[in-house]
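What follows is a single structure, written as structure tokens, with notes after it.
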Amino acid sequence: MTAPSRTDQPHKIQPPRGTRDLYPAEAARRRWLTERWREVSVRHGFEEVDGPTFEASDLYAVKSGDGILGELFQAFSGKSPDEVEQVKDTGRAPYALRPEFTPTLARMYAAKAAGLPKPCKWFMAGPFFRAERPQRGRLREFLQWNCDVLGLDIPTEKWNAEDAESRAEVAEAKARMDAECIACCVADLESLGLAPSDVSIHFGSRDVVTNMLNEMEIPESRHTQILNLLDRQSKLAPKDFAAECDRLGFHMHRFQVLQGICIDAMKQGFPWIGLNSDEHAVTFDFKSMALLATEIEKLGITAWCKPDLSIARGLAYYTGTVFEVIADGERAVAGGGRYDNLIELFGGPKTPAVGFAMGDVVLSLLLQDKGLMPSGDELMGLVGQHPDVFVLSNGDEAAEARVRPTVAALRRGGESLAGLHVRHSYKATKNVGKLLKEAAQQGARFAVIIEDAESCSVKDTRTNEQWPDKVPLTDLHARLAGAM
RNA sequence: GCGGCUGUAGCUCAGUUGGUUAGAGCACCAGGUUGUGAUCCUGGGGGUCACGGGUUCGAAUCCCGCCAGCCGCCCCA
């Protein structure tokens with residue numbers, strides 16, 4: 001054995017900040033959530049992929065600003081002196097734990113783009129890491145569900161064509177793919193028991209906002225600041241917000257009018273596609289949002305969706321549609337948008353793409369807020385962890401001796417009989433009442449009471465009734481299988 | 001990186017102006033009501049009062065430090 005750890009109190013090492021220990025109930029909750037993610041994704045025609053949980057740190061330098069790099073968990077193998085030197089010199093390790101999936105996805109798609117279906121619909125669910133200070137809704141290790149649609153459902157030669165006809169076709173195709181993503185996200189929320197009164201998808205468009213800013217004659221250099229300001233509006237006092245707007249030359253009132261037009265239009269099914277409102281001297285091009293709203297309507301999820309031009313998303317790489325899942329009192333549950341230039345940045349063919357990510361931390365808080373997080377018996381049932389059978393004896397010596405062999409035989413199964421999930425008590429008591437209580441607590445489907453060396457009684461916990469006849473132990477498995 | 005709040009049993013928490021051996025409920029384990037789930041009764045294990053100093057005859061309690069957690073700011077891929 002190696003020497004004891006050099007730390008003073010090796011017994012008191014705590015889990016790292018911002019991580020979670022998952023005891024059975026929490027592990028079951030996590031399984032339930034991720035199973036919902038998978039089931040919904042598959043149902044919507046997405047295929048599961050995954051990548052490494054750590055990547056070359058350069059991958060995250062390609063498109064990210066300094067903000068991201070500062071909050072990477074860094075890693076190095078320690079096997080090479082060069083690596084160690086690199087860390088000392090540059091402060092940057094050769095690897096980083098993945099803080100998001102999009103770069104990996106872009107890398108994977110770029111590497112095999114030619115042979116992949118068009119469009120290519122991928123999802124993944126797994127752990128991610130960010131070295132941030134933990135707070136409500138934000139941890140350093142979390143699970144994230146990513147759904148992306150890469151490419152369009154029209155011939156590839158049209159994807160980047162410039163003629164007016166192709167461009168119109170592309171715009172419609174993009175709206176279709178955007179809506180598919182949003183619909184998949186909505187399906188998950190619905191499958192978790194949430195309703196439009198609990199959460200909504202706020203969608204906006206970078207294009208529309210950019211048009212608006214241009215029309216206001218705001219220099220491009222300030223666009224990012226304004227997007228950021230819009231994003232933070234809810235955190236600012238109205239007068240501070242107004243002051244900031246003035247400082248940046250942003251016509252807040254005009255924006256609010258525009259926002260109002262959007263919302264009204266949504267209620268009326270966007271009848272004004274392609275129209276501009278002279279009334280407010282608005283000359284922005286709403287077309288992309290109108291197309292998306294039309295698709296949302298076709299997919300039957302209008303009730304969940306609200307146009308909201310203030311959705312900015314921090315990411316610089318979003319190009320068109322952006323959306324967030326927003327619930328009162330929590331930070332964004334999910335977010336995503338269109339990133340038409342990113343695949344190219346990672347060395348692939350220029351490919352329009354759209355996707356979103358949903359984290360488990362805020363989602364769990366939201367479900368708790370709404371009383372929708374299953375627990376106890378219900379949870380065990382949802383994740384299929386109820387025992388099929390709980391075996392006990394009546395306390396007689398000969399019967400007691402058959403408990404463990406019977407459990408083992410039922411678990412093992414046989415030629416045509418699948419092994420069952422079987423438990424027995426580890427308690428010392430021979431009190432049948434207490435043992436049946438234990439069987440009930442564990443949610444067992446059947447309780448088997450061994451009566452003597454050869455036979456048992458079977459109690460169906462659903463009907464709470466005992467089978468009329470005693471069952472020979474040799475027939476038990478077949479009888480149980482027939483009853484389930 | 002900055003600020004606020006909180007640390008007593010596995011969990012939720014009592015603990016008086018500082019005063020004997022630090023408590024309850026739940027949970028867990030065991031026994032009983034002598035063989036069929038909801039109860040009831042009895043008993044048990046389990047705490048360096050986060051940790052380290054200080055004040056005091058005496059500290060869970062007051063002071064300082066430190067660690068951890070939570071909440072917020074920054075940021076949010």
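Every chain is numbered from 1 and lettered A, B, ... according to where its sequence line falls, protein lines coming before strand lines. None of these values were measured; they are calculated from a predicted model.
- Checking the phosphate oxygens (OP1, OP2) of A38(B), no side-chain nitrogen or oxygen of Lys437(A) falls inside 4.0 Å.
- Mapping Ala444(A) and Gly18(A) onto RNA chain B by nearest heavy atom places Ala444(A) at the nucleotide closer to the 5' end.
- Straight-line distance between the P atoms of C5(B) and G45(B): roughly 40 Å, to the nearest whole Å.
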Exercise for review: Take nucleotides 31-36 of chain B nucleotide by nucleotide from the 5' end and write B, S or -, depending on whether a protein heavy atom sits under 4.0 Å from the base, only from the sugar-phosphate, or from neither.
Suggested key: BBB-BB
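- Base contact: Arg138(A) has a heavy atom under 4.0 Å from a base atom.
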**Study point:** Chi angles and distances behind the side-chain contact (heavy atoms from CB on, under 4.5 Å) call for Glu324(A), Ile201(A)
**Key:** CA-CA 6 Å; Glu324(A) 276 183 5; Ile201(A) 319 285; over 6 Å; no
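- Taking the side chain as every heavy atom from C-beta outward, Leu476(A) and Cys456(A) approach each other to under 4.5 Å.
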Revision key, fill the gap. Its contact letters, B for base, S for sugar-phosphate only and - for none at protein heavy atoms under 4.0 Å, make nucleotides 5-13 of chain B read ---------
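- Between C73(B) and U16(B), the two P atoms lie 35 Å apart (nearest whole Å).
- We find that CG of Leu236(A) is positioned 11 Å from P of C73(B), with the value rounded to whole Å.
- A sub-4.0 Å separation between OP1 or OP2 of C76(B) and a side-chain N or O of Asn228(A) is present.
- Listed here is the closest heavy atom pair of Ala327(A) and Val199(A): CB-CG1, 3.6 Å.
- Of the candidates C76(B), G3(B), A77(B), the closest approach to any side-chain atom of Glu100(A) belongs to A77(B).
- In this structure the side chain of Glu48(A) never reaches within 4.5 angstrom of the side chain of Ser41(A), judged on heavy atoms.
- U61(B) and C2(B) are spaced 28 Å apart, taking the P atom of each and rounding to whole Å.
- Checked by atom type, the side-chain pair His421(A)/Arg423(A) shows a donor-acceptor distance below 3.5 Å.
- Atoms NZ (Lys235(A)) and P (C76(B)) sit 10 Å apart, rounded to a whole Å.
- Remark: the Arg36(A) side chain and the Ser191(A) side chain contain an N/O donor-acceptor pair separated by less than 3.5 Å.
- Comparing A30(B), C2(B), A77(B) against the side chain of Arg133(A) picks out C2(B) as the nearest.
- Between the CD atom of Glu465(A) and the C1' atom of G37(B) there is a distance of 14 Å, given to the nearest Å.
- A donor N or O paired with an acceptor N or O is not found under 3.5 Å between the base of A68(B) and the side-chain atoms of Arg17(A).
- The salt bridge (Lys or Arg N to Asp or Glu O under 4.0 Å) contacts involving residues 447-463 of chain A comprise Arg445(A)-Asp460(A), where partners must be two or more places apart or lie in separate chains.
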Review point. Please, what dot-bracket string fits RNA chain B when only Watson-Crick and G-U pairs with both distances under 3.5 Å count, crossing ones use [ ] and pairs to another strand use |?
Key: (((((((..((((.....[...)))).(((((.......)))))......((((..]....)))).)))))))....
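- Counting heavy-atom neighbours within 6.0 Å of Phe54(A) CZ, excluding the residue itself, gives a total of 12 or less.
- Residue contacts for Arg232(A): at a heavy-atom cut-off of 4.0 Å it reaches the sugar-phosphate backbone alone, with no base atom in range.
- As rounded to whole Å, 11 Å separates atom C1' of A27(B) from atom NZ of Lys427(A).
- Residue pairs meeting the ring-ring contact (aromatic ring centres under 6.0 Å, His included) criterion with at least one member in residues 374-406 of chain A: none, sequence neighbours excluded.
- Taking the P atoms as reference points, G65(B) lies 13 Å from G3(B), given to the whole Å.
- The distance between atom CG of Leu435(A) and atom P of C29(B), rounded to the nearest whole Å, is 12 Å.
- Of the C1' atoms belonging to G15(B) and G47(B), the separation is 14 Å, rounded to the nearest Å.
- Straight-line distance from the CZ atom of Arg136(A) to the C1' atom of G69(B): 15 Å, rounded to whole Å.
- Looking at Lys235(A) and Asp240(A), no side-chain N of the basic residue comes within less than 4.0 Å of a carboxylate O on the acidic one, giving no salt bridge.
- One P atom belongs to A59(B), the other to A14(B), and the distance between them is 24 Å to the nearest Å.
- Spacing between C70(B) and U12(B) at atom P, rounded to whole Å, works out to 13 Å.
- Using a 4.0 Å heavy-atom distance criterion, Glu438(A) is classed as making no nucleic acid contact.
- Ala110(A) and Phe346(A) make their closest contact through CB-O, 3.5 Å (heavy atoms, listed as atom of the first residue, atom of the second, distance).
- Distance, Gln135(A) CD to A68(B) P: 17 Å, rounded to whole Å.
- A donor-acceptor contact under 3.5 angstrom links the side chains of Asn146(A) and Gln144(A), judged on distance only.
- Looking only at atom types and distance, the side chain of Glu438(A) has a donor-acceptor partner in the side chain of Ser425(A) under 3.5 Å away.
- Closest-nucleotide positions on RNA chain B for Pro99(A) and Thr461(A) were compared, and the one nearer the 5' end corresponds to Thr461(A).
- A gap of 41 Å separates the P atoms of G46(B) and G1(B), to the nearest Å.
- When distances run from any side-chain atom of Tyr317(A) to the nucleotides A38(B), C29(B), A77(B), the shortest one goes to A77(B).
- Computed from coordinates, the Arg130(A) CZ to A77(B) C1' distance equals 5 Å when rounded to whole Å.
- Take Arg31(A) and apply the salt bridge (Lys or Arg N to Asp or Glu O under 4.0 Å) test, not counting sequence neighbours, and it matches Glu35(A).
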